[in-house]
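The structure under discussion appears below in the form of structure tokens.
Reminder, nothing fancy here: chain letters follow the sequence lines and each chain counts from 1. Just so you know, these numbers use all the heavy atoms, side chains as well, and skip hydrogens, waters and symmetry mates.
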Amino acid sequence: MPELPEVRTVANELNKILPGLRIINGENFMPKLIWRNKENDFFDKVLDQKIISVQNYGKYLIFNLENFKMISHLRMEGKWSVSSKDKYVYNEKHLRIEFELSNNEWLRYYDSRKFGTLEVWDNKSYLKESGISNLGPEPLNNNPSFEYLKKAAIKKNVKVKPFLLDQKVVCGIGNIYVNEILFAAKVAPDRITKTLGDKEIKNIIKFSNLILTKAIELKGSSIHSYKSGENVEGQFQNELKVHLRENKPCFECKKPIIKTQIGGRGTYFCTECQK
DNA sequence: ACTTTAACCTGAACGC
DNA sequence: TGCGTTCAGGTTAAAG
């Protein structure tokens, strides 16, 4: 479901509620949720830990506990919420793990498609062993540098769309925002990265920053099923220029937006504006 | 070694 | 209404 702006929004919402609370109990209803950790000691590590803060890195959600990092990836449909014991913010059928908190509230994770993952690592090993260990920079605050992205682009023999979706290159961009970024940068999604000009690479960086920043301000895009915390809807879906606009006129040139498949993902772009 | 595809799952939307 | 098909804010094991 969520890309960087949506995960950031979830982190912000949870960070209003969770810091200072302690995890006093928990139950996992989906064994495959617990990821990478070889030992079956997830609850041994997490129980009795105080939650210090919640943040994101790319599409990963990080619960900073006293002695551990609990790292969640929502994949397509994962959702976190905090509610009273008897209130289910989302469909109870999709509840996958829950934690009882020290204030008598319940932290719950729902995931209809069961793609999501949850890991727990100590504060040192997570940098080397968790899902966030191989991620590239977040495309925010003038990252990545031109030199970094140019070097990566030359090295690879891939189309620019899957290149930007590769979380090892940059992290946090997903299918909505890559479509929007490439439209803003006027680059066709099937361009091979090594053919990109310096100006095109600079524009990709510039618009990655601008679009993700704007989407964070608007609390993400609510299409399909995404909602943050308490069923809060984002507003960036109203800003989309190409995504989900098949056959509708391009806002720049009025030609119909094309939908194709690139790298197995639905791809929307303007053949006139993007070269 | 690198790139592309299939698989992981479920539910909603669509066509007949 | 019912049934089959297609598609979905993602990642990764397997195949090419």
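With salt bridges taken as basic N to acidic carboxylate O contacts below 4.0 Å, none links A:Glu66 and A:Lys50. With respect to the salt-bridge test (charged N to carboxylate O, under 4.0 angstrom), the residues A:Glu77 and A:Lys79 qualify.
Separating the P atom of C:dT11 from that of B:dA1 is a span of 25 Å, rounded to the nearest Å. With both ends at atom P, the span from B:dC9 to C:dA14 equals 14 Å, rounded to whole Å.
Within the structure, every side-chain polar atom (N or O) of A:Arg265 is placed at least 4.0 Å from both OP1 and OP2 of B:dT4.
At distances below 3.5 Å, not a single donor-acceptor pair connects side-chain atoms of A:Glu100 with backbone N or O atoms of A:Asn25.
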Is there any protein nitrogen or oxygen under 3.5 Å from a nitrogen or oxygen in nucleotides 5-9 of chain B, and what are the pairs?
from: B:dC8; atom 1: O3'; to: A:Lys32; atom 2: NZ; distance (Å): 3.3
from: B:dC9; atom 1: OP1; to: A:Lys32; atom 2: NZ; distance (Å): 2.2
from: B:dC9; atom 1: O2; to: A:Arg113; atom 2: NE; distance (Å): 2.7
from: B:dC9; atom 1: N3; to: A:Arg113; atom 2: NH2; distance (Å): 3.1

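Look at OH on A:Tyr90: it is 17 Å from C1' on B:dG11, rounded to the nearest Å. Atoms CG (A:Asp166) and P (B:dT3) sit 9 Å apart, rounded to a whole Å.
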Problem set entry | Pair pattern of DNA chain B in dot-bracket, where unpaired bases get dots and | marks partners in another strand, Watson-Crick or G-U under 3.5 angstrom | .|||||||.|||||||
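Both tests pass for A:Lys69 against the ring of A:Tyr126: distance under 6.0 Å to the centre and angle within 45° of the axis.
Of the residues in residues 136-163 of chain A, those placing a heavy atom less than 4.0 Å from an atom of DNA chain B are A:Lys156, A:Asn157, A:Val158, in numerical order.
Using a 4.0 Å heavy-atom distance criterion, A:Arg8 is classed as making no nucleic acid contact.
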